[in-house]
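Here's the structure we're looking at; comments come further down.
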Amino acid sequence: MSTHYFLALPIEDEKFEHVQRDILPFYSYRRTYRPEEFHLTLQFLGSLDDDEVEAVKELTREVTTSTAPFALTFQQIDHFGRPDRPRVLTIVPEPSVDLTALTGTLRRKLSEEIPALDRKPFVPHVTLAKKWDTGTRIPYIAPMFTIEEPIEMVVLYRINPNHTPAYEAVEVFPLQRSEEDTWRSRLKFLT
């Protein structure tokens with residue numbers, strides 16, 4: 001089995017877990033994400049060889065060192081699939097010029113380097129649960145929430161489907177900051 005990778009923004013605010021806990025009783029999923037697995041995927045990379053992994057690291061470092069930290073605001077629950085049996089339950093951010101710029105630049109540079117890259121449209125979201133189980137969704141009134149998530153880094157993750165958590169941080173790419181702050185953020189995710 002080949003190893004798959006993706007680039008993402010780690011999501012750390014504990015309010016995501018609170019929202020997930022409040023709404024999951026109204027749904028039926030086989031796979032519920034753990035708080036340490038919350039992320040916003042920028043680009044699914046699929047299977048990469050060692051040279052491609054190194055190219056991804058180099059390009060991501062180039063983009064992140066010229067991108068300032070920013071924040072995303074989350075206030076809405078959404079889904080992919082049928083409304084009565086959504087295959088993926090998500091929280092989506094408000095539109096963000098900073099996120100659009102980061103993702104656009106990163107995806108353009110990656111597609112120039114890796115021609116076989118997945119080119120699905122970018123739909124920003126944080127997955128809470130996926131793989132519908134049985135039954136139908138129970139109607140409910142969605143909770144009101146506002147989550148301000150500071151975005152300070154991009155992480156290259158390796159997918160380990162038979163492990164918990166399933167996503168392993170391979171490399172951390174801090175957004176533009178001092179060298180001392182850069183090392184602190186890397187140590188946090190790689191230890």
Side-chain angles (χ1 to χ4, degrees), residues 1-48 70-96 98-100 102-104 106-107 110 116-151 153-170 188-189:
M1 183 171 154
S2 60
T3 303
H4 289 81
Y5 297 86
F6 64 95
L7 288 166
L9 305 175
I11 301 295
E12 299 179 303
D13 194 309
E14 64 186 32
K15 292 178 189 168
F16 282 88
E17 183 181 4
H18 298 168
V19 172
Q20 180 191 47
R21 188 174 52 240
D22 288 347
I23 65 171
L24 276 180
F26 302 99
Y27 295 86
S28 177
Y29 286 99
R30 288 186 301 235
R31 166 83 160 92
T32 301
Y33 278 56
R34 301 159 59 95
E36 62 269 22
E37 294 177 313
F38 292 158
H39 64 273
L40 190 151
T41 300
L42 301 174
Q43 178 65 57
F44 177 72
L45 300 165
S47 179
L48 300 176
F70 58 96
L72 293 175
T73 302
F74 294 83
Q75 295 181 306
Q76 182 181 350
I77 295 166
D78 202 359
H79 66 272
F80 297 117
R82 294 174 29 186
D84 63 328
R85 296 168 45 119
R87 67 181 187 280
V88 180
L89 181 64
T90 69
I91 295 180
V92 295
E94 298 296 309
S96 166
D98 294 317
L99 178 60
T100 301
L102 170 63
T103 306
L106 189 58
R107 289 170 64 110
L110 288 168
L117 197 66
D118 180 12
R119 298 186 195 277
K120 289 181 185 152
F122 177 60
V123 180
H125 65 279
V126 176
T127 299
L128 301 177
K130 66 181 183 181
K131 297 185 181 173
W132 188 260
D133 197 6
T134 60
T136 58
R137 183 179 73 84
I138 299 169
Y140 70 100
I141 297 172
M144 301 289 288
F145 61 90
T146 299
I147 303 172
E148 294 288 331
E149 179 75 23
I151 303 301
M153 68 194 74
V154 171
V155 177
L156 173 63
Y157 288 101
R158 177 179 18 245
I159 301 172
N160 299 312
N162 299 320
H163 292 87
T164 302
Y167 308 130
E168 175 188 356
V170 173
K188 177 180 173 183
F189 273 90

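Values below: every heavy atom of this structure, side chains too, minus hydrogens, waters and symmetry copies.
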Nearest heavy-atom pair of [X] and [Y]: which atoms, and what distance?
{"X": "Tyr29", "Y": "Val88", "result": "OH-C, 3.9 Å"}
{"X": "Leu42", "Y": "Thr103", "result": "CD2-OG1, 3.5 Å"}
{"X": "Ile11", "Y": "Leu40", "result": "CG1-N, 3.9 Å"}
{"X": "Glu37", "Y": "Arg31", "result": "OE1-NH1, 3.0 Å"}
{"X": "Pro25", "Y": "Ile138", "result": "O-CD1, 3.9 Å"}
{"X": "Pro124", "Y": "Pro93", "result": "O-CD, 3.4 Å"}

Test your reading of the model: is there a side-chain donor-acceptor pair from [X] to the backbone of [Y], 3.5 Å cut-off?
{"X": "Glu149", "Y": "Asp13", "result": "yes"}
{"X": "Gln20", "Y": "Thr32", "result": "no"}
{"X": "Gln43", "Y": "Asp118", "result": "yes"}

**OP:** Would you confirm whether the ring centroid of His18 sits within less than 6.0 angstrom of the ring centroid of Phe145?
**Re:** no
Any side-chain heavy atom of [X] sitting closer than 4.5 Å to one from [Y]?
{"X": "Leu89", "Y": "Leu24", "value": "yes"}
{"X": "Tyr33", "Y": "Lys130", "value": "yes"}
{"X": "Ile151", "Y": "Asp98", "value": "no"}
{"X": "Val123", "Y": "Phe80", "value": "yes"}

Original post:
For Tyr167 and Arg34, what are the C-alpha separation, side-chain angles and deciding distance, and is it a side-chain contact (heavy atoms from CB on, under 4.5 Å)?
Top reply: CA-CA 11 Å; Tyr167 308 130; Arg34 301 159 59 95; over 6 Å; no
**OP:** Determine, stepwise, if the pair Tyr27 / His79 fulfils ring-ring contact (aromatic ring centres under 6.0 Å, His included).
**Re:** CA-CA 11 Å; Tyr27 295 86; His79 66 272; 8.2 Å; no
Rounded distance [0.5 Å steps], [atom1] in [X] versus [atom2] in [Y]:
{"X": "Thr134", "Y": "Arg85", "atom1": "OG1", "atom2": "CZ", "answer": "8.0 Å"}
{"X": "Arg119", "Y": "Arg107", "atom1": "CZ", "atom2": "CZ", "answer": "9.5 Å"}
{"X": "Glu36", "Y": "Thr164", "atom1": "CD", "atom2": "OG1", "answer": "9.0 Å"}
{"X": "Leu117", "Y": "Leu45", "atom1": "CG", "atom2": "CG", "answer": "6.0 Å"}
{"X": "Tyr140", "Y": "Phe26", "atom1": "OH", "atom2": "CZ", "answer": "7.5 Å"}
{"X": "Arg158", "Y": "His4", "atom1": "CZ", "atom2": "NE2", "answer": "13.0 Å"}

Original post:
Does atom CD of Glu14 have more than 12 heavy-atom neighbours, drawn from other residues, nucleotides or ligands, at distances under 6.0 Å?
Top reply: no
**OP:** Determine, stepwise, if the pair Val154 / Leu9 fulfils side-chain contact (heavy atoms from CB on, under 4.5 Å).
**Re:** CA-CA 5 Å; Val154 171; Leu9 305 175; 3.8 Å; yes
Subject >> Plane angle bin for Phe6 and His39 - parallel if under 30°, tilted between 30 and 60°, otherwise perpendicular >> reply: tilted
Original post:
Please walk me through it: do Asp78 and His125 pass side-chain contact (heavy atoms from CB on, under 4.5 Å)?
Top reply: CA-CA 8 Å; Asp78 202 359; His125 65 279; over 6 Å; no
Subject >> side-chain contact (heavy atoms from CB on, under 4.5 Å) assessment of Ile159 paired with Phe44 >> reply: CA-CA 11 Å; Ile159 301 172; Phe44 177 72; 3.9 Å; yes
